[in-house]
Amino acid sequence: MSSLMINLFLAGFAYVIIIYFVAMMTKNSLRNGKNGSDDGDGGIENFKPPKIDLPPGVIWPKDSPKKTKPDPVEL
């Protein structure tokens, strides 16, 4: 056998072994009931946006004064 065939055989064998171990690790984690819903960071969930200190004269659009419709002008 040439060295190319030996190298191809060894690379294929290593590939099969790696795929086997990956499949076994995945199978074990799925069997333990880990469904992927846990993001893993822990702590208390806070969905409020952070309070940002704006420079003077800058306001958030939701805090802007409400615009009223002007009275219709009759001609």
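Values reported hereafter were calculated over all heavy atoms of this structure, with side chains retained and with hydrogens, waters and symmetry mates removed. In this chain, residues are counted from 1 in sequence order.
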J.: Please report the interatomic distance OG1(Thr26) to CZ(Phe21), rounded to the nearest 0.5 Å.
T.: 13.0 Å

J.: Linking I/L/V/M/F/W/Y whenever any side-chain heavy atoms sit under 4.5 Å apart, do Tyr20 and Ile17 land together?
T.: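 Linked within one cluster.
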
J.: Report yes or no: do Ile6 and Val16 belong to one cluster of Ile/Leu/Val/Met/Phe/Trp/Tyr joined by side chain heavy-atom distances under 4.5 Å?
T.: no

J.: Do the side chains of Phe13 and Ile19 join up, straight or via other hydrophobic residues, at under 4.5 Å, putting them in one cluster?
T.: no

J.: Measuring from Leu4:CG to Leu8:CG, what's the distance to the nearest 0.5 Å?
T.: 4.5 Å

J.: Tell me whether Ile52 is reachable from Val58 by hopping between hydrophobic residues (I, L, V, M, F, W, Y) whose side-chain heavy atoms are closer than 4.5 Å.
T.: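 Looking at the clustering, Ile52 is in the same group as Val58.
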
